[in-house]
Amino acid sequence: KAGVTQTPRYLIKTRGQQVTLSCSPISGHRSVSWYQQTPGQGLQFLFEYFSETQRNKGNFPGRFSGRQFSNSRSEMNVSTLELGDSALYLCASSRGTAVYEQYFGPGTRLTVT
Amino acid sequence: GENVEQHPSTLSVQEGDSAVIKCTYSDSASNYFPWYKQELGKRPQLIIDIRSNVGEKKDQRIAVTLNKTAKHFSLHITETQPEDSAVYFCAASRTGGTSYGKLTFGQGTILTVHP
């Protein structure tokens with residue numbers, strides 16, 4: 001079974017721009033969670049989607065948004081990028097009936113200059 | 001909300017020794033506790049998890065123990081090998097309700113196993 005995939009793997013953007021990241025979950029998994037990983041803050045939860053609905057959201061500003069499609073693929077968008085948004089963005093998929101067993105993708109490394 | 005504290009932040013051992021990493025959590029309703037291993041430049045990999053109805057779980061050289069009363073859980077690695085060197089993260093979650101899909105992570109432990 002193929003693992004979680006994320007595209008692109010690396011991105012360099014300028015302050016003020018926006019960016020869209022994509023995540024394809026493991027086949028059969030309906031839940032996708034997004035996390036931001038930085039050296040200072042560690043792994044922080046952004047939001048979770050299940051069956052195209054956002055079920056949970058972390059403490060991030062409204063510039064961070066997401067969506068999920070009918071095939072369970074998910075995207076996250078960050079508008080008006082700030083230098084502090086530079087991070088590794090990870091998505092994780094699970095079956096979705098509970099939070100059990102989340103499997104992570106390789107992440108997208110975003111650098112904001 | 002949930003808060004997870006992880007100790008130590010760095011751990012250095014000799015090959016063949018045991019390593020123990022400890023985490024405490026604040027939310028008494030948390031009932032799922034996974035551990036992830038992240039090698040440099042790679043994705044976090046789920047290595048073992050435990051649910052609150054179990055006190056201990058083993059998988060070959062890895063074991064996790066849970067003390068619900070004290071709200072702490074630990075990862076034990078026996079007979080460590082150089083390939084065990086990585087950053088280890090603990091996490092906690094309550095299933096369902098307003099906690100869908102959310103794992104709260106500890107700050108990580110950098111484990112170095114010296115040959």
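Below, chain A is the first sequence line, B the second, and so on; all start at residue 1.
Linking ILVMFWY residues whenever their side-chain heavy atoms come closer than 4.5 Å, directly or via other members, places A:F45 and B:Y36 in the same cluster. One hydrophobic cluster, built from ILVMFWY side chains closer than 4.5 Å, cannot hold both A:L88 and A:L11; they sit in different ones.
One distance of note links CG of B:L46 with OG of A:S94; it measures 11.0 Å at 0.5 Å rounding.
With hydrogens and angles disregarded, no donor-acceptor distance shorter than 3.5 Å links the side chain of B:Y100 to the backbone of A:Q54.
Chosen from B:A91, B:G41, B:P44, B:G1, the residue pairing most often with chain A at heavy-atom distances under 4.5 Å is B:P44. Across A:Q41, A:Q37, A:Q44, A:R109, the residue that shares the most heavy-atom pairs under 4.5 angstrom with chain B is A:Q37. Interface remark: of the candidates A:G107, A:P106, A:G58, A:P106 forms the most heavy-atom pairs closer than 4.5 Å to chain B.
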Given the rule in the side chain to side chain contact (heavy atoms under 4.5 Å, CB included) test, do B:K42 and A:F104 qualify, once you have shown the distances and angles that lead to the verdict? CA-CA 10 Å; B:K42 298 197 173 179; A:F104 282 86; over 6 Å; no
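The neighbour count for B:Q60 CD, taken as heavy atoms of other residues, nucleotides or ligands under 6.0 Å away, does not exceed 12. Shown here is B:L40, whose CG atom has no more than 12 heavy atoms of other residues, nucleotides or ligands within 6.0 Å. Within 6.0 Å of the CZ atom in A:R63, the count of heavy atoms belonging to other residues, nucleotides or ligands exceeds 12. Within a 6.0 Å radius of NZ in B:K22, other residues, nucleotides and ligands contribute 12 heavy atoms or fewer. Applying the 6.0 Å contact sphere to CD of B:E79 captures no more than 12 heavy atoms from other residues, nucleotides or ligands. Surrounding CG of A:N71 are more than 12 heavy atoms belonging to other residues, nucleotides or ligands, all under 6.0 Å away.
Closest non-hydrogen pair, A:S33 versus B:G101, comes out as OG-O, 2.7 Å. When all heavy atoms of A:N56 and B:K102 are compared, the closest pair comes out as ND2-CB, 3.5 Å. When all heavy atoms of B:F105 and A:Y35 are compared, the pair lying nearest together is CE1-CE2, 3.7 Å.
Within the 4.5 angstrom heavy-atom criterion, no atom of B:P34 approaches chain A. For chain A, the nearby part of B:Q38 is the side chain; its heavy atoms alone come within less than 4.5 Å. Residue A:L90 touches chain B through its side chain alone, counting heavy-atom pairs closer than 4.5 Å.
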